[in-house]
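Have a look at the structure below, then the notes.
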Amino acid sequence: QVHLVESGGGLVQAGGSLRLSCATSGLTSTNYVMGWFRQASGKGREFLAAIRWSRGNTAYADSVKGRFTISRDTAEKTVYLQMNSLKPEDTAVYYCATYVGVGLQFRENYYDYWGQGTQVTVSS
């Protein structure tokens with residue numbers, strides 16, 4: 001059984017930083033991809049970043065490139081999203097997700113397992 005648990009969300013002022021964590025369990029292969037998505041109130045889910053677990057290759061949405069960084073700690077089985085220069089429009093529920101594969105996908109329907117989400121609120 002695959003479980004993903006996000007943490008690290010909270011309230012931050014514009015221009016500040018947060019680091020989200022996603023602890024994983026139950027993944028038995030190294031050929032999987034971890035992704036971060038977010039969903040603002042009243043909007044659809046938006047892809048942010050993805051990382052291939054085995055090799056560490058990454059991909060980013062243009063909207064966060066240069067501000068957000070995805071990384072993983074293979075020993076801790078945790079994936080991170082470092083978010084800098086936060087803006088009020090970054091306010092959303094942030095989710096991590098995973099699927100077995102090697103290609104870095106941005107479409108949410110590729111992802112089989114999802115965490116429960118963590119709220120990030122950026123005040124102006």
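Evaluation of the ring pair (Phe, Tyr, Trp, His ring centres under 6.0 Å) test over residues 34-56, restricted to residues two or more places apart or in two chains, returns Y32-W53, F37-F47, F37-Y111, F37-W114. Residue pairs meeting the ring pair (Phe, Tyr, Trp, His ring centres under 6.0 Å) criterion with at least one partner in residues 70-97, sequence neighbours excluded, do not occur; the list is empty. Listed by first and then second residue, the salt bridge (Lys or Arg N to Asp or Glu O under 4.0 Å) pairs that reach into residues 90-100 are R38-D90, R67-D90, sequence neighbours excluded.
Taking 4.5 Å as the limit, every side-chain heavy atom of H3 sits out of range of all side-chain heavy atoms of T24. Considering only heavy atoms from C-beta on, Q82 stays 4.5 Å or farther from S71 through its side chain. Considering only heavy atoms from C-beta on, M83 comes within 4.5 Å of L20 through its side chain. Contact of the S54 side chain with the N31 side chain is registered, since non-hydrogen atoms from C-beta on lie closer than 4.5 Å. L27 places a side-chain heavy atom less than 4.5 Å from the side chain of T98.
A donor-acceptor contact shorter than 3.5 Å is absent between the side chain of E6 and the backbone of S21. Judged by distance alone, the side chain of Y60 and the main-chain N or O of I70 form a donor-acceptor pair under 3.5 Å.
Nearest heavy-atom pair, A50 versus V33, reported as atom, atom and distance to 0.1 Å: CB-CG1, 4.0 Å. Taking all atoms of both residues into account, the shortest heavy-atom contact from A97 to L4 is CA-CD1, 3.7 Å. Here the shortest heavy-atom pairing between R52 and L104 reads N-CD2, 3.5 Å. For the residue pair L18 and L86, the shortest heavy atom distance occurs at N-CD1, 3.9 Å. In this structure, N84 and S17 approach most closely via the heavy-atom pair OD1-OG, 2.9 Å.
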Output side-chain donor-acceptor pairs under 3.5 Å for residues 117-124, partner residues at least two apart or in another chain, one line each.
| from | atom 1 | to | atom 2 | distance (Å) |
| --- | --- | --- | --- | --- |
| T118 | OG1 | G9 | N | 3.2 |
| Q119 | NE2 | A92 | O | 3.4 |
| Q119 | NE2 | T121 | OG1 | 3.4 |

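Connection of I51 to Y99 is not established within any shared hydrophobic cluster, with ILVMFWY side chains joined at heavy-atom distances below 4.5 Å, either directly or through further cluster members.
Partners of K87 under the salt bridge (Lys or Arg N to Asp or Glu O under 4.0 Å) rule, at least two apart in sequence or in another chain, do not exist in this structure. Applying the side-chain hydrogen bond (donor to acceptor under 3.5 Å, both in side chains) rule to S85 yields no partners; only residues at least two apart in sequence or on another chain are considered.
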* Would you please test M34 and C22 for side-chain contact (heavy atoms from CB on, under 4.5 Å) and show each step? => CA-CA 9 Å; M34 298 294 303; C22 175; 4.1 Å; yes

* **Residues L48, L81; criterion side-chain contact (heavy atoms from CB on, under 4.5 Å); working and verdict** => CA-CA 9 Å; L48 301 175; L81 186 69; 4.1 Å; yes

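For Y110, the OH atom is loosely surrounded, since the number of other residues' heavy atoms within 6.0 Å does not exceed 12.
Side-chain polar atoms of S63 and E46 form a donor-acceptor pair below 3.5 angstrom. Defined by atom type and a distance below 3.5 Å, a donor-acceptor pair is missing between the side-chain atoms of T78 and D73.
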